[in-house]
Asker: 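Below is a structure I'd like to ask you about.
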Amino acid sequence: MADPRLEILERRLANVRKIIAVSSGKGGVGKSVTSVVLALALRDRRFKVGLLDLDFTSPSTHVILGVRDLQPIEDYGIIPPVAGGLSYMSIVFYAFDNPAPLRGLDVSNSLIELMAITRWGELDYLIIDMPPGLGDATLDVIRLVKNISFLIVTTPSILAFETVKKLVNLLNSLKTPILGVVENMVMDDKGRIRGEVDKLGVRYLGEIAYDAGLEASMGSVEKLKGTRFYVSLERILKGLL
Amino acid sequence: MHEWALAEGIISKADRIAIENNLEITDIVIQIGELQQIDDEILQFALEQLRTDNMKKARFTLETIKAKLKCRACGEEWRLDLSSLDEESSEAVHFVPEMAHVYIKCPRCGSPDFEVLEGRGVWLASVRGVRKDG
């Protein structure tokens, strides 16, 4: 028996020029904030940008963006609502504030379902906020989304970087392009992570200093754009484009 | 999943089968899990509207598979009563059936950790036709 969802998934992304999965080996490294700010910074450069939160069990981009009272529009599928100038899609539109206890197969099915119904239309960039690690969502986007590339976020911690090595290894073995590594929450730069990233043969995109003011900007796109985090990521983006 | 999105996927897959096998399709059977809460009339209408030249006279048959769940915590098996869901929850499960884990609990022990044994997903069960080259 054939699954008709897989037929349309590819078509839904046909008019998206570039798809970037923002990923990490471990949680808590600032991956979701990086996803949101990257999307906003691209939008500020007049690109058409979409943001998809695939962290189903712990979604947070809606909190960062301050999404309230928005719902997708039903029209031959689903049209994502606009938040902060971004076409925005998240499981929170269906789970709301409730926990979503999903096992692996459920994660895969939710991902396929959401990607099959969402009509992004024409986009220059689709930024995907991934759950951390090498689980089902990561394997599924690699399997199902053609032309995807990964941007990896780490902190200076050896614990975080240890998992980055595994992620890079997996992506390389699956021949999935890696844009590079962003080092977040840097407090005392000794260039150690930069050296380690070089050893992996991956591009070190730049560092973002620990920004104590970031927390106060959660929920406000305007405040986010005034943070040092935003300025640093904007500088990194310049090198990426 | 939305009926139109679903119809688009079904037609696209069936059309591909027709092209690959040089078929004029006569019958398409679609199995629909109850959890999807598909409106058969809308789906049938969407299929009629989207049908391609390779299936001009094809008959679409929709079969609903009742939902059967099994609790992973206590082993309870039960048939789902979707009418017990409020409108918002029902809508969420309609678009993303895995949201059942958010809104449905085991009737015996209250756990949301259950398995959908039957009645999830939409499947192109069979495609029949005659070869165009006779």
Side-chain angles (χ1 to χ4, degrees), chain A residues 1-14 52-54 56-59 69 71-81 89-121 136-137 140 144, chain B residues 1-17 28-33 35-36 38-39 42-43 46-47 49-50 63 65 72-73 86 88-105 111-116 120-127:
Chain A
M1 288 206 287
D3 184 347
R5 300 174 304 174
L6 299 178
E7 277 296 311
I8 40 173
L9 198 146
E10 201 176 305
R11 204 183 300 171
R12 294 281 184 245
L13 299 170
L52 171 63
D53 193 331
L54 283 187
F56 293 148
T57 52
S58 311
D69 304 323
Q71 274 295 302
I73 297 164
E74 193 179 339
D75 180 22
Y76 295 94
I78 289 294
I79 311 275
M89 198 61 183
S90 166
I91 202 74
V92 296
F93 292 134
Y94 302 105
F96 301 95
D97 287 335
N98 303 297
L102 302 176
R103 286 175 179 259
L105 183 61
D106 302 321
V107 169
S108 280
N109 270 320
S110 303
L111 182 148
I112 293 170
E113 204 79 34
L114 208 60
M115 295 191 81
I117 60 174
T118 307
R119 295 175 59 206
W120 294 100
D136 294 84
D140 278 329
L144 300 168
Chain B
M1 185 187 214
H2 190 275
E3 286 83 354
W4 278 88
L6 185 62
E8 204 181 326
I10 292 165
I11 295 293
S12 173
K13 180 68 188 175
D15 197 52
R16 189 197 297 255
I17 292 170
I28 295 177
V29 179
I30 300 143
Q31 290 187 343
I32 302 162
L35 211 52
Q36 303 275 145
I38 292 298
D39 184 322
I42 299 177
L43 179 61
L47 291 167
Q49 296 295 310
L50 297 172
E63 293 174 354
I65 310 293
R72 285 194 173 97
D86 63 36
E88 194 176 80
S89 315
S90 180
E91 186 84 350
V93 176
H94 168 62
F95 283 110
V96 184
E98 280 60 43
M99 293 301 98
H101 294 279
V102 175
Y103 301 108
I104 295 166
K105 308 273 185 282
S111 171
D113 186 15
F114 55 80
E115 193 180 347
V116 180
R120 195 262 177 258
V122 175
W123 304 96
L124 193 54
S126 74
V127 174

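Each chain gets a letter, A, B and so on, in the order its sequence line appears, and its residues count up from 1.
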Asker: Identify which of B:I10, B:L124, B:V116, B:I17 forms the greatest number of heavy-atom pairs closer than 4.5 Å to chain A.
Answerer: B:L124
Asker: Let me confirm one number: the CE-OG distance from B:M99 to A:S110, rounded to the nearest 0.5 Å.
Answerer: 4.5 Å
Asker: Examine whether an atom of B:Q31 lies under 4.5 Å from a heavy atom of chain A, and if so say whether it belongs to the side chain, the backbone or both; otherwise answer neither.
Answerer: side chain
Asker: Is chain B contacted by the side chain of A:R119, its backbone, both, or neither, given a heavy-atom distance below 4.5 Å?
Answerer: neither
Asker: Return the option, out of A:L114, A:L105, A:N109, A:I78, with the maximum number of heavy-atom pairs under 4.5 Å with chain B.
Answerer: A:N109
Asker: Working to the nearest 0.5 angstrom, can you tell me the gap between A:D53 CG and A:I91 CD1?
Answerer: 9.5 Å
Asker: Measure the CD-CG distance between A:E7 and B:D15 for me, rounded to the nearest 0.5 Å.
Answerer: 9.5 Å
Asker: Can you say whether the rings of B:H101 and B:F114 are parallel (under 30°), tilted (30 to 60°) or perpendicular (over 60°)?
Answerer: parallel
Asker: In terms of heavy-atom proximity below 4.5 Å to chain B, should A:P101 be classed as side chain, backbone, both, or neither?
Answerer: both
Asker: Return the CG to CD1 distance between A:D3 and A:I112, rounded to the nearest 0.5 Å.
Answerer: 6.0 Å
